[in-house]
Amino acid sequence: MILSSQQDEAICAVQAWLRDPSGKPFFYLAGFAGTGKTTLAKRLAADAGKVVFAAFTGKAALVLEGKGCSPASTIHSLIYQPKEEASGIVHFVLALDGPASGADLIVIDEVSMVGPDLGRDLLKFKKPVLVLGDPAQLPPVGDEVGFFTKNTPDFMLTDIHRQAVDNPIIRMSMIVREGGKLPYGEYGDSLVIRRDELGRNMVLGADQVLCGTNKTRRSKNAQIRKLLGREGWFTEGERVVGLKNNKEKGFLNGSMWTVQEVDFSDTEESQLVLFPLDAGMAKTPVEVRTSHLWIEGREKELPPSEAREYDPVDYGYVLSVHKSQGSQWNSVVVLDESFVFKQDAARHLYTAITRAAERVVVAR
């Protein structure tokens with residue numbers, strides 16, 4: 001691949017840092033979708049010795065591997081290892097002699113979801129860390145994210161690579177990022193349609209459905225559960241999303257799981273055994289206790305002392321765009337509610353579209 005002059009500059013900047021990373025343990029390479037961040041990381045890896053690639057979620061790691069960045073895994077499985085206590089409970093501890101310890105360079109893609117705990121633990125390996133992110137996405141929400149992206153990029157890629165312009169998803173994202181409105185119609189295998197044209201098979205056939213508001217997320221999760229014939233609070237095979245970090249369990253905010261067992265459930269709470277749904281996650285089930293108030297959006301009614309006792313989950317068939325940051329899926333349906341976010345409307349839709357690796361259906 002012939003690099004553009006801007007991409008050449010980026011390569012030189014990263015190589016200069018790699019020659020002496022002691023003064024700065026990480027390099028933040030930022031760029032819009034289609035500017036070639038991952039391609040440049042792969043090119044840099046060819047001359048950097050032993051390189052390991054990782055992303056926050058297994059889905060994003062799988063996309064990374066599909067682009068030729070191998071081996072790729074979740075950050076969690078890269079830097080932690082399971083440790084079974086005498087009681088049989090499994091905790092995750094820092095794997096100081098694990099894969100990250102032998103790397104000459106660690107590359108983290110889709111870095112927007114990496115929070116302070118995960119970020120600090122990554123840097124404990126004393127290895128240079130190259131992080132890739134997209135500032136055109138929505139800003140992180142809350143204080144659990146943005147460990148790397150709160151910093152000014154060390155290099156910002158803005159030129160869309162000419163091959164990327166032919167990618168329908170990149171083309172759609174460019175229109176939105178530049179302030180345009182997506183006309184209805186076909187974009188390769190992707191679509192922009194009216195909401196009433198969105199059929200059952202489109203929704204159930206997608207890898208993930210995204211929306212803007214929690215009200216829509218709750219109602220659409222309920223509709224999909226009904227279509228799947230699921231009743232009660234949780235059933236075996238249910239797709240759920242983690243809502244809080246518990247790194248000792250390997251249970252992270254935004255991680256996706258399937259319900260393997262329902263140990264206990266009443267009107268107020270459930271105790272579940274969850275199995276990682278994301279490819280690339282450590283294949284270790286976890287036990288969680290969750291209050292149903294999180295599903296109803298009433299978790300603030302819990303006193304803080306009680307809330308700390310839970311590892312909360314919610315149904316994961318439909319996610320908010322904010323919660324989807326740091327993830328990618330091959331096929332995505334977007335229930336476009338970007339208008340709700342006013343000055344961030346374009347960034348909201350841009351973030352939603354770029355969660356798709358192969359096909360996106362935008363319904364508005």
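Counting from 1, the numbers follow the sequence of the chain as shown.
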Are the side chain of [X] and the backbone N or O of [Y] linked by a donor-acceptor pair below 3.5 Å?
X: W17; Y: K24; result: yes
X: D117; Y: R120; result: no
X: E337; Y: G212; result: yes
X: S270; Y: L272; result: no
X: E306; Y: P303; result: no
X: T290; Y: V313; result: yes
X: D104; Y: K50; result: yes
X: Y80; Y: I75; result: no
X: D336; Y: A363; result: no

Is [Y] reachable from [X] through a run of hydrophobic residues whose side-chain heavy atoms are each under 4.5 Å from the next?
X: L228; Y: V318; result: yes
X: Y184; Y: V176; result: yes
X: L96; Y: I106; result: yes
X: Y315; Y: L204; result: yes
X: V340; Y: L138; result: no

4.5 Å side-chain heavy-atom contact, [X] and [Y]:
X: T351; Y: Q325; value: yes
X: L274; Y: V259; value: yes
X: I108; Y: V129; value: yes
X: L191; Y: M202; value: yes
X: L122; Y: F148; value: yes
X: P99; Y: F125; value: no
X: R200; Y: L227; value: yes
X: L293; Y: L302; value: yes

- Query: F26 vs F147 aromatic rings, parallel, tilted or perpendicular, using cut-offs 30° and 60°?
  - Reply: tilted
Tell me whether the count of non-hydrogen atoms from other residues, nucleotides or ligands lying under 6.0 Å of [atom1] in [X] goes above 12.
X: K215; atom1: NZ; answer: no
X: E178; atom1: CD; answer: yes
X: E301; atom1: CD; answer: yes

Under 3.5 Å, is there a donor on one side chain and an acceptor on the other for [X] and [Y]?
X: Q271; Y: S265; value: no
X: R217; Y: N214; value: yes
X: T74; Y: S77; value: yes
X: Q208; Y: R239; value: yes
X: W329; Y: S327; value: no

- Full working for ring-ring contact (aromatic ring centres under 6.0 Å, His included) between F341 and H322: CA-CA 11 Å; F341 298 90; H322 280 97; 5.7 Å; yes
Measure the spacing between [atom1] of [X] and [atom2] of [Y] and express it to the nearest 0.5 Å.
X: E65; Y: S70; atom1: CD; atom2: OG; result: 4.0 Å
X: I11; Y: D47; atom1: CD1; atom2: CG; result: 8.5 Å
X: L132; Y: F27; atom1: CG; atom2: CZ; result: 10.5 Å
X: Y310; Y: W294; atom1: OH; atom2: CH2; result: 7.5 Å
X: L18; Y: L130; atom1: CG; atom2: CG; result: 7.5 Å
X: R347; Y: Q137; atom1: CZ; atom2: CD; result: 9.0 Å

- Query: Is the gap between the ring centers of H76 and F251 under 6.0 Å?
  - Reply: no
What is the minimum heavy-atom distance between [X] and [Y], and which atoms define it?
X: V288; Y: K249; result: CA-NZ, 4.3 Å
X: I79; Y: A100; result: CG2-CB, 4.1 Å
X: H292; Y: T267; result: ND1-O, 3.1 Å
X: D159; Y: T35; result: O-CG2, 3.4 Å
X: Q328; Y: T354; result: NE2-O, 3.3 Å
X: G316; Y: M256; result: O-CE, 3.4 Å

Between [X] and [Y], does at least one N-O distance fall below 4.0 Å, as a salt bridge requires?
X: R225; Y: E238; answer: yes
X: K37; Y: D109; answer: no
X: R355; Y: E110; answer: yes
X: R289; Y: D311; answer: no

- Query: Are V273 and W257 close enough, and set up right, to give a side-chain contact (heavy atoms from CB on, under 4.5 Å), and what steps lead you there?
  - Reply: CA-CA 10 Å; V273 177; W257 305 79; over 6 Å; no
- Carefully, step by step, assess T235 and R230 under the rule side-chain hydrogen bond (donor to acceptor under 3.5 Å, both in side chains). CA-CA 7 Å; T235 60; R230 299 196 181 279; 2.8 Å; yes
- Task: Go through D121 and L94 one step at a time and tell me if the side-chain contact (heavy atoms from CB on, under 4.5 Å) criterion holds.
- Result: CA-CA 8 Å; D121 282 351; L94 208 61; 3.9 Å; yes
- Answer yes or no on whether R359 is positioned over the face of Y187, meaning its NZ or CZ is under 6.0 Å from the six-membered ring centre and within 45° of the axis.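 No - R359 does not lie over the ring of Y187 by the 6.0 Å and 45° rule.
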- Item | I169/S190 under side-chain contact (heavy atoms from CB on, under 4.5 Å): CA gap, chis, key distance, verdict | CA-CA 7 Å; I169 292 175; S190 297; 3.9 Å; yes
- Residue among L349, I353, I160 satisfying side-chain contact (heavy atoms from CB on, under 4.5 Å) with R177: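 Exactly one candidate clears the test, I160.
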- Task: Decide yes or no on side-chain contact (heavy atoms from CB on, under 4.5 Å) for V203 and L198, but give the supporting numbers first.
- Result: CA-CA 7 Å; V203 172; L198 187 63; 3.8 Å; yes
